[in-house]
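This report refers to the structure that appears directly beneath it.
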Amino acid sequence: MESTPVNWEALDALLIDFAKSENLIEDSSSSSSSSSSYHSRLLIRHIRRSLLSGAIDAAVHLLRLHAPSILSDHKILFRLHKQKFIELLRKGTAEDRDSAIDCLRTALAPCALDAYPEAYEEFKHVLLAFIYDEDDKSSPVANEWSEQRRLDLAGFMSSMLRAHLNAYDPIFSMALRYLISIHRVYCLRQGITSPISDLTERLLLEERDSPATPQDILYEVPPFDEVDIQALAHAVELTRQGAIDSLRFTKGDLFLAFQNELCRMRLDVPLLDQLVREYCVYRGIVDSVSGKQPIPEPVKFNQQDSGNCSSRDCSLEQDCNASKHSDGETSVTNAQMDGSPENNADVTSMRQIDFEVRYASELASIHEDCSTSGSLQHEDGSVLQRSRLPGNGERSKRKRWRGRYDDNSHMPNASLEEHSKQEHSISTVVSTLTKEKQGSEKLSVHDASNVEDRYEILLGMKELASRGMAAEAVEEVNAIDPNFFAQNSVLLFQLKQVEFLKLVSSGDYNTALRVACTHLGPLAASDPALLKPLKETLLALLRPNEDALGNALPLHALAASLQVAVGRRLGVEEPQLMKIMRATLYTHNEWFKLQMCKDRFEGLLRIDSLKEANTPFLAPVSTSKSYADSCTNGSSQATVSSGTRMSEDGSSPTQASSRDVICDEGAILKVMEFLALPRADAIHLLAQYNGNAETVIQQIFA
């Protein structure tokens, strides 16, 4: 599978925003709105964990404190009371059985009378749980006993709270879900094996949260535009009715409905954090392993009812005295939830502190093994001084990775599975660093002693190239590996282009021509593909007063390419997130070529900015065909469906029609709606029947 050029600077900005929004890096510049959104998402995660563990009272308590108006919806309250009744019976003690009966009398039965029409029947049905045991899988109430009920309720409440608190995930998180889902659909449709399937299958989970449901008053709404319905249905793989329900919930707001549906998709959060950290270290956004880090203060929710909590007020406070270490003893103070045993809280908190201490000590030991020496000895005896690279000056600007420490703090009922996931993620990072260090001994092109040295060298070279210091970058690369440019002639050509244009901009034409004659000419003579960019480069001599360097060359793209290529020679592979973005952006392009329209949501998710990696004449990269005529909203738009299409493997084209067929947008939508077909299939059918939607439908049902 091919890949598409990526604007890494735009991705850097998205990831910095993601890390700040999720409190993954230490940053004092986060806005109050970002902090509020983070605390709202954290509240939702805590409520989700409470529901998944069966701690319904704890979840309701948090809801009353931070989102009391959501409990005014009797449908939601009935589902919570019903699950509480089951959880009390699940405990199996006589005392809990009495509590279950009390729950029936005081909460569940009164709520069933006015929740919704079917609620009273559901209430009578759940009474059978008194008779049929949880272990009886064939009983009429086996579904009520099922763990799936917890999952459904937790997902449903997460969806409702997300919309209620306006606590949507960061843009990058939503964009990644969207790109991976399109990647999967495209590969399945085209019969292609995805080169990143091992990552995407683990990263984007199959299950989704249950959708939020609109209140009854929202059911009487004007009909929605079919364009919006089809766009939403095919963007997030919904049925037509599912798309309509989603639009009802947002009162017809397409983009809000789209965000709701994207956030229903579940990501493996520990794996995502690991991928983001790997990328940020590689790009110099956060510092690499740099010794023992202080354990951050955990965040807890205020358990004291302030008496004036609004529906959107997610009041949180820092517990500065949550953990104290002295003489090898640990003292933990926890705010307990209703119905949460104190000993469970202590066990959970003790495990969290133990995990954090061991993590910090592991990183410290890795750092001791990988301490930097300031210089690298090469096989030829030459020494590369790291101080020559500007990366050292940039290091102070890097952020410190904080990690997702506070998700489980002060959650007595939280599942310990999350601890094991996070511990496994950190162990993977440590293991990867250790393997890279051991693997460096096998390299023949350098004698770099440790991982951190190699990262600093790469970041220094990236900084040189991004500043336009091409001659210095070439010198540093040759000092590490004299044979590098013999195998990467295009990169050398690009760097010499930068050097040439920089000299032209400064008015030193003689030296510029010397660079062209000495380097650019011979390189183009050996590779005919470089002749065109060489001619384009020489045109800069005709415009001496213009900023040729700034106008012509995307230095950050060149810097990223140099970093990846040199990194491979040093045994440092590019981050896996880079591979994911290249592959998914390529399939995003190809998918919408099949749809013969522009993606309506790419601007919202900044996907368009990720593709703005313009290379005017910097590199002779092969580019795929441009988009077909884009279609926009409205039935007046038309799509040209060419009768001839080239197959994916480059084999002979298949003839669908003897001429191009003009497909009216209304005809496309009609076929999509009546036949429940994807857009590409609707266009293909219309092309066979001269764009006549009625003929297509008649032929299908004939």
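As the structure is a prediction and not an experimental result, all values here were calculated from the model.
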*Using a distance-only test with no angle check, is there a side-chain donor-acceptor pair under 3.5 angstrom linking Ser50 and His61?*
no
*Could you check whether the rings of Trp8 and Tyr279 sit parallel, tilted or perpendicular, using 30° and 60° as the cut-offs?*
tilted
*asked:* Whether the side chain of Arg184 engages the backbone of Thr200 through a donor-acceptor N/O pair (distance < 3.5 Å, no angle test) should be reported.
replied: yes
*asked:* Can you see whether Ser158 engages Arg48 through a side-chain donor-acceptor pair at a distance of less than 3.5 angstrom?
replied: yes
_What I want to find out is whether Arg404 reaches Asp273 closely enough, with some N-O distance under 4.0 Å, to be called a salt bridge._
yes
*Any sub-3.5 Å donor-acceptor pair from Arg149's side-chain atoms to Asn143's backbone N or O?*
yes
_Any side-chain to backbone donor/acceptor pair from Arg90 onto Trp145? Under 3.5 Å, distance only._
yes
_Donor-acceptor check, side chain of Arg402 to backbone of Asn23, threshold 3.5 angstrom: yes or no?_
yes
*Give a yes or no on whether the backbone of Lys75 and the side-chain of Arg79 come within a donor-acceptor separation of less than 3.5 Å.*
no
*Can you tell me if Thr250 uses its side chain to pair, donor with acceptor, with the backbone of Leu256 under 3.5 Å?*
no
*Does the side chain of Glu226 pick up a donor-acceptor pair with the side chain of Gln230 at under 3.5 Å?*
yes
*Within the side chain of Arg264, is there an N or O that forms a donor-acceptor pair under 3.5 Å with the backbone of Asp209?*
yes
_Check: Asp169 main-chain N/O paired with Ser173 side-chain donor or acceptor under 3.5 Å_ = no
*Judged by atom type as modelled, is there a donor-acceptor pair below 3.5 Å linking the side chain of Glu278 to the main-chain atoms of Leu577?*
no
*Which of these passes salt bridge (charged side-chain N to carboxylate O under 4.0 Å, His left out) with Asp12: Arg283, Lys399, Arg606?*
Arg283
*Identified side chain to side chain contact (heavy atoms under 4.5 Å, CB included) partner of Leu161 from the options Leu62, Ile44, Leu43*: Ile44
